[in-house]
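Shown next, in structure tokens, is the structure this report addresses.
Model, not experiment: these values are computed from the prediction. We name chains A, B, ... by the order of the sequence lines, and we start the count at 1 in each one.
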There are 2 protein chains.
Amino acid sequence: MTTAEQIERTLRAAGLRVTRPRVAVLTALTAHPHADAGAVLAVVREDLPDVSHQAVYDSLHALTAAGVVRCIQPSGATARYETRIGDNHHHVVCRECGDIADVDCAVGEAACLTASDDHGFTIDEAEVTYWGLCPRCAAARSTRATT
Amino acid sequence: MTTAEQIERTLRAAGLRVTRPRVAVLTALTAHPHADAGAVLAVVREDLPDVSHQAVYDSLHALTAAGVVRCIQPSGATARYETRIGDNHHHVVCRECGDIADVDCAVGEAACLTASDDHGFTIDEAEVTYWGLCPRCAAARSTRATT
DNA sequence: CCGGTTTTCTTGAATGAGTCAAGACAAGCG
DNA sequence: CGCTTGTCTTGACTCATTCAAGAAAACCGG
């Protein structure tokens, strides 16, 4: 479990000031990976009912800039955040409910970064998004088809 | 070159009615791959000054739903559209200027669809986004560093 | 070629994620 | 403990995209 002290240490290690909103945002993200700004705001307000949405946006930006959290934004969805970073993992997104799960790199870390023809671009990251159906939605769909 | 007749045939083949806005949108996308809705609107209005933005959005949705165009949305950018479809290609996005270029699949078509652990998800597509710097921005940056 | 049906377009307002800006406030340093 | 700097509050605002109602155009059958 990630305790408040660990969260605080993480913030200081990243060179960030330790403030209530930031601790709450990071705690919320640890408990709810892939949450969007609105969800984070809701969770944070369970503890700090009076935080402004702006403080949450600022915290998310500061944490993202410091490399403590990562921001992903699948097509058609709002920005989502996660605390699992630096391990080159990717995501599966459910086309129906938008649920997201983590997936480790399929083909080895190096291969992901190799494009066949990079058009002169200097590539520093490869982001993979798998699209499909989560178990629940797949089940719901087949039930519908059968019935 | 893609002529107006070819565009029209493409629309009919997809089961879509042929209307001026749709032809203009598809023509614009053929000429400007990876354009966003605003850019498409601007290009379309060069020919049809009075189209509503709604008509453009509707056309883009209809074309996307029919599988004639594909919609991509890199993090932090608005939705972009392209007519190159069905060939499993991916994209390089410049972190600085947002420019996008096409890239063929690096590791073979099949490998892309294989996740190491899919968490029970039924995966039907793997989307890869490479992040980096386009030649122009890379040059600008190194000039800045040297000077 | 013509009316009728259905889809699409126009107009105009609304939504919602995210940003901007100014001042109040708190974190961390000495 | 007090100062300086970075962060939070408040509230207005932007911009992409969507919604809704009625007008107009596309296609079908005759």
Inset, instruction - Using whole Å, report how far NE2 of A:His53 lies from P of D:dG11. - result: 11 Å
Inset, instruction - Mind checking A:Thr78 for me? I need base, sugar-phosphate or nothing, with any heavy atom below 4.0 Å counting as a touch. - result: sugar-phosphate
Legend entry - Close side-chain approach of B:Val68 to B:Leu11, heavy-atom, < 4.5 Å: no
Legend entry - Minimum-distance nucleotide to B:Gln54 side chain [options: D:dT9, D:dA20, D:dT7]: D:dA20
Legend entry - Whole angstrom value for the distance that separates C1' of D:dT17 from CZ of B:Arg80: 16 Å
Legend entry - Donor on one side chain, acceptor on other, A:Glu127 and A:His91, under 3.5 Å: no
Inset, instruction - Whole angstrom is fine here: how far is it from CG in A:Leu60 over to C1' in D:dC8? - result: 14 Å
Legend entry - Separation between CZ of B:Arg95 and CD1 of A:Ile123, rounded to the nearest 0.5 Å: 10.5 Å
Legend entry - From CD (A:Glu8) to CG (A:Leu16), nearest 0.5 Å: 12.5 Å
Inset, instruction - Would you mind reporting whether B:Trp131 and B:Ser75 have side-chain heavy atoms less than 4.5 Å apart? - result: yes
Inset, instruction - Could you give me the CA-CA distance, side-chain angles and deciding distance for A:Asp104 and A:Arg84, then say whether salt bridge (charged side-chain N to carboxylate O under 4.0 Å, His left out) is met? - result: CA-CA 12 Å; A:Asp104 290 315; A:Arg84 187 179 157 189; 2.8 Å; yes
Inset, instruction - Starting at CD of B:Glu5, measure out to OG1 of B:Thr10 and round the result to the nearest 0.5 Å. - result: 11.0 Å
Legend entry - Position toward the 5' end of DNA chain D (nearest nucleotide), B:Arg12 or A:Val51: A:Val51
Legend entry - A:Asp50 CG - D:dT10 P separation (whole Å): 7 Å
Inset, instruction - Pick base, sugar-phosphate or nothing for A:Arg22, based on heavy-atom distances below 4.0 Å to the nucleic acid. - result: sugar-phosphate
Inset, instruction - Mind checking the CG-CG spacing from A:Leu41 to A:Asp36? Nearest 0.5 Å is all I need. - result: 10.0 Å
Inset, instruction - State plainly whether one hydrophobic cluster holds both B:Leu48 and B:Tyr57, where clusters connect Ile, Leu, Val, Met, Phe, Trp and Tyr through side-chain heavy atoms under 4.5 angstrom apart. - result: no
Inset, instruction - Tell me, with the steps shown, if A:Ile100 and A:Ile72 meet side chain to side chain contact (heavy atoms under 4.5 Å, CB included). - result: CA-CA 11 Å; A:Ile100 298 179; A:Ile72 57 173; 4.1 Å; yes
Legend entry - Nucleotide D:dA25, atom C1' - distance to CG of B:Asp58 in whole Å: 14 Å
Inset, instruction - Let me know the distance between OH of A:Tyr57 and C1' of D:dG11, rounded to the nearest Å. - result: 15 Å
Inset, instruction - Mind checking the CZ-OG1 spacing from A:Arg22 to A:Thr27? Nearest 0.5 Å is all I need. - result: 13.5 Å
Legend entry - Start and end of chain B contact along DNA chain C [non-hydrogen atoms, under 4.0 Å]: C:dT6 to C:dG12
Inset, instruction - Round to a whole Å and report the spacing from CZ of B:Arg17 to C1' of D:dA25. - result: 8 Å
Legend entry - Between A:His34 and A:Asp102, a side-chain donor and acceptor under 3.5 Å: yes
Inset, instruction - Assign B:Ala62 to base, sugar-phosphate, or nothing according to its heavy-atom contacts below 4.0 angstrom with the strands shown. - result: nothing
Inset, instruction - Give B:Thr19 one of three labels, base, sugar-phosphate or nothing, depending on what nucleic acid heavy atoms sit under 4.0 Å from its own. - result: sugar-phosphate
Inset, instruction - For DNA chain D, find the residues of residues 33-45 of chain B with a heavy-atom distance under 4.0 Å and give them by number; none if there aren't any. - result: B:Ala37
Legend entry - Estimated bend of the helix from C:dC1-D:dG30 to C:dG30-D:dC1 (axis per five terminal pairs, rounded to 10 degrees): 40°
